[in-house]
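Below you'll find the structure, written out as structure tokens, and then a few comments.
Each ligand, and each atom within it, is numbered from 1 in the order the structure gives. The structure displayed is predicted, hence computed values, not measured ones.
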Amino acid sequence: MSLIVQKFGGTSVADPERIQNVAARVVETAKAGHRVAVVVSAMSGETDRLDTLAEQFGGREENPREYDVLVSTGEQVTIALLSMSIRQLGQPARSFTAAQMGLRTDAAHSRARIERIDREVLMATLEEGAVAVLAGFQGVDAEGNITTLGRGGSDTSAVAVAAAIEADVCEIYTDVDGVFTADPRVVPAARKLERISYDEMIEMASLGAKVLQIRSVRFAMRYDVPIHVRSSFHKGEGTWVVPEEEAMEGLVVSGVSFNKKEAKIRVRGVRDVPGVAARIFTPLSDVGIVVDVIIQNLSQDGATDLTFTVPRSDYARALQISQQSGESVGAEAVDGDDEIAKVSIVGLGMKDHAGVASRMFSVLADEGINIQLITTSEIKVSVVIEEKYAELAVRALHAAFVETGAAEPQAE
Ligand code: ADP
Ligand code: ASP
Ligand code: MG
């Protein structure tokens, strides 16, 4: 007998028929003798619908607390419906909101972090032989306010529950067969990975692969929770997200990701003296804007340019703030561009192979794609390019590094 957490995403519970399919799958697992906790998202499209509604009343920024009260309701609908559906099949089940299962977070609305979960409540339900059906995405802070965990946050709820009850596995059921070498919607030749390491998955998620929310993978790594990403439409094996030593498939590049949700800001002609960067970036961090790639040009005649990226949703505010700080440090000009994309290759094998980055640049050059910014880490290389070339770049890089396997420059 195992203790299993099963998480079903929005498309898996999109309509009554799919909810019944999910119920059947959960009951089958329970009838096979396992104890099951199920975490569900809102029906697909529902969180977007609620977000659009909120926009008509000032949106998230003006009403962070009420925004979370609103957008967390989608999950309350699905836990109730799924519990009813499971019970119709003769299996005891009980739904829990975040407050009911004691899922405590900090008070950061719309991006709250999980602090603790009341393990006893869940274990008592499971030990009775009932299925615990849990609302993903939502939490409560120390004062009892409803919080949410950020878009895609049900993945993190599921892994946190799995860690709290020390589950044997956290199964993430979704609308694709597993984690692919690139988004299968963009790259038809992408293939499913059998296994991927936590580190690679964290990079892929943070670089745009929304199949798992990045925080869920960090959590899984910290608490040693094995994740199995698999299809909710059939029973085939998906992808296991596991520690590095178990993950090796011998690939240099395991995945190609892209992200169109960033924008670029350039502060031109600032004096190259101590303190300038701090005066530009501190006002941004003070309002919670996260800066990603930062490039500073070599200075010429004592002046330099600073270019950086920010989330596209913060672009207007970031540009305005940077224009003010640019003025105060005597910058020549501050401008920006929100039609960019970041395209990345990720792979543990890069640690041991030289020349991967230069090969990436050649592949892009052959397609006539200009590189605006470059950033690297031990297991990834990212470039910022014009947004309209994102798909072309992803396909070309996938063809060069994954499909041909010709990623080993030393063998050329
Ligand atoms: P859910 O609603 O089940 O949480 P999501 O839409 O959040 O599902 O995530 C699944 C989607 O992630 C897939 O439909 C796919 O288009 C996208 N995706 C992006 N990159 C990848 C990748 N490398 N492997 C698999 N899916 C990916
Ligand atoms: N319903 C939330 C969202 O759409 C959480 C999730 O699906 O994971 O982002
Ligand atoms: Mg998701």
Revision key, fill the gap. Taken to the nearest 0.5 Å, the spacing of Asp335 CG from Lys264 NZ works out to 8.0 Å

**Study point:** Residue, atom name and distance, where the atom is the protein heavy atom closest to atom 3 (C) of ligand 2
**Key:** Arg151 NE, 3.3 Å

Exercise for review: Find the distance between CZ (Arg49) and CE (Met43) and round it off to the nearest 0.5 Å.
Suggested key: 10.5 Å

Point to revise | Check: Asp155 N/O within less than 3.5 Å of ligand 2 N/O | key: no

Exercise for review: Report the part of Lys7 (side chain from C-beta onward, or backbone N, CA, C, O) that has a heavy atom under 4.0 Å from ligand 1; answer both or neither where that applies.
Suggested key: side chain

**Study point:** Contacting atoms of ligand 1, where contact means under 4.0 angstrom from a heavy atom of Val179
**Key:** 24 (N)

Review point. Just distances here: any N/O of Gly152 and N/O of ligand 2 closer than 3.5 Å?
Key: yes

Practice item. Can you sort out which atoms of ligand 1 are near Met204, meaning under 4.0 Å from one of its heavy atoms? Key: 23 (N)

Check your understanding: Judged by atom type as modelled, is there a donor-acceptor pair below 3.5 Å linking the side chain of Glu244 to the main-chain atoms of Glu200?
Key -> no

Check your understanding: Which residue owns the protein heavy atom closest to atom 23 (N) of ligand 1, what's the atom, and how far is it?
Key -> Phe180 O, 3.0 Å

Exercise for review: Just grab all the salt bridge (charged side-chain N to carboxylate O under 4.0 Å, His left out) pairs involving residues 146-175, residues at least two apart or on different chains.
Suggested key: Lys7-Asp155, Asp48-Arg151, Arg119-Glu166, Glu171-Arg230, Asp175-Arg185

Revision key, fill the gap. Honestly, for Gln213 the part within reach of ligand 2 (heavy atoms, under 4.0 Å) is neither

Review point. Which of the atoms in ligand 1, numbered in the order shown and given with their element, are less than 4.0 Å from a heavy-atom of Gly178?
Key: 24 (N), 25 (C)

Review point. Between the candidates Val256, Val187, Asp183, which shows the shortest non-hydrogen contact distance to atom 20 (N) of ligand 1?
Key: Asp183

Point to revise | Stepwise side chain to side chain donor-acceptor pair (under 3.5 Å) check, Gln6 with Thr29 | key: CA-CA 10 Å; Gln6 300 187 322; Thr29 312; 3.2 Å; yes

Practice item. Could you tell me whether Val176 approaches ligand 1 through its side chain, its backbone, both or neither, with non-hydrogen atoms closer than 4.0 Å? Key: side chain

Point to revise | Shortest protein heavy-atom distance from atom 7 (O) of ligand 1, along with the residue and atom involved | key: Lys210 O, 3.6 Å

Practice item. Please determine if Asp175 has a nitrogen or oxygen closer than 3.5 Å to a nitrogen or oxygen of ligand 1. Key: yes

Check your understanding: Only one of Val22, Ile86, Val36 clears side-chain contact (heavy atoms from CB on, under 4.5 Å) with Val27; which?
Key -> Ile86

Check your understanding: Is the charged tip of Arg222 near the ring of Phe219: under 6.0 Å from the six-membered ring centre and within 45° of its axis?
Key -> yes

Point to revise | Atom indices of ligand 2 within 4.0 angstrom of Glu75 heavy atoms, with elements | key: 1 (N), 2 (C), 5 (C)

Check your understanding: What is the closest protein heavy atom to atom 26 (N) of ligand 1, and at what distance does it sit?
Key -> Val211 CB, 3.5 Å

Study note, to complete from the structure: dist Leu122:CG -> Leu3:CG (nearest 0.5 Å) comes out at 10.0 Å

Exercise for review: Could you list the atoms of ligand 2 found under 4.0 angstrom from a heavy atom of Ser154?
Suggested key: 5 (C), 6 (C), 8 (O)

Review point. Of the protein's non-hydrogen atoms, which lies at the shortest distance from atom 3 (O) of ligand 1, and what is that distance?
Key: Thr174 OG1, 2.7 Å

Point to revise | Test side-chain contact (heavy atoms from CB on, under 4.5 Å) applied to Val383 and Ile345, Leu373, Ile374, the passing residue | key: Ile374

Check your understanding: Does Ser44 reach ligand 1, in the sense of a heavy atom lying below 4.0 Å from it?
Key -> no

Review point. Any nitrogen or oxygen of Ala209, main chain or side chain, under 3.5 Å from a nitrogen or oxygen of ligand 1?
Key: no

Revision key, fill the gap. Sorted by chain and number, sequence neighbours left out, ring-ring contact (aromatic ring centres under 6.0 Å, His included) with Phe180 holds for none

Practice item. Please determine if Gly10 has a nitrogen or oxygen closer than 3.5 Å to a nitrogen or oxygen of ligand 1. Key: yes

Review point. Does ligand 1 have a heavy atom under 4.0 Å from the side chain of Ala182, from its backbone, from both, or from neither?
Key: backbone

Exercise for review: Report yes or no: does Gly74 have a heavy atom closer than 4.0 Å to ligand 2?
Suggested key: no

Review point. For the residue pair Phe281 and Phe308, does the interplanar ring angle fall in the parallel (under 30°), tilted (30 to 60°) or perpendicular (over 60°) class?
Key: perpendicular

Practice item. Quick one: look up the protein heavy atom nearest atom 7 (O) of ligand 2 and list residue, atom name and how far away it is. Key: Ser41 OG, 3.2 Å

Practice item. Determine yes or no for a side-chain-to-main-chain donor-acceptor pair under 3.5 angstrom, with Asp314 supplying the side chain and Ile289 the backbone. Key: no

Review point. Hey, what do you get for CD1 (Ile265) to CG (Asp337), rounding to the nearest 0.5 Å?
Key: 10.5 Å

Revision key, fill the gap. When rounded to the nearest 0.5 Å, the distance separating CZ of Arg279 from CD of Gln324 is 13.0 Å

Practice item. Dump the intermediate steps for side chain to side chain contact (heavy atoms under 4.5 Å, CB included) on Val140 and Asn145, then the final yes or no. Key: CA-CA 5 Å; Val140 277; Asn145 298 302; over 6 Å; no

Check your understanding: Below 3.5 angstrom, do we get any N/O pair linking Lys7 and ligand 2?
Key -> no

**Study point:** From the candidates Met43, Met201, Gln213, Arg185, the one that places a heavy atom nearest atom 16 (O) of ligand 1
**Key:** Arg185

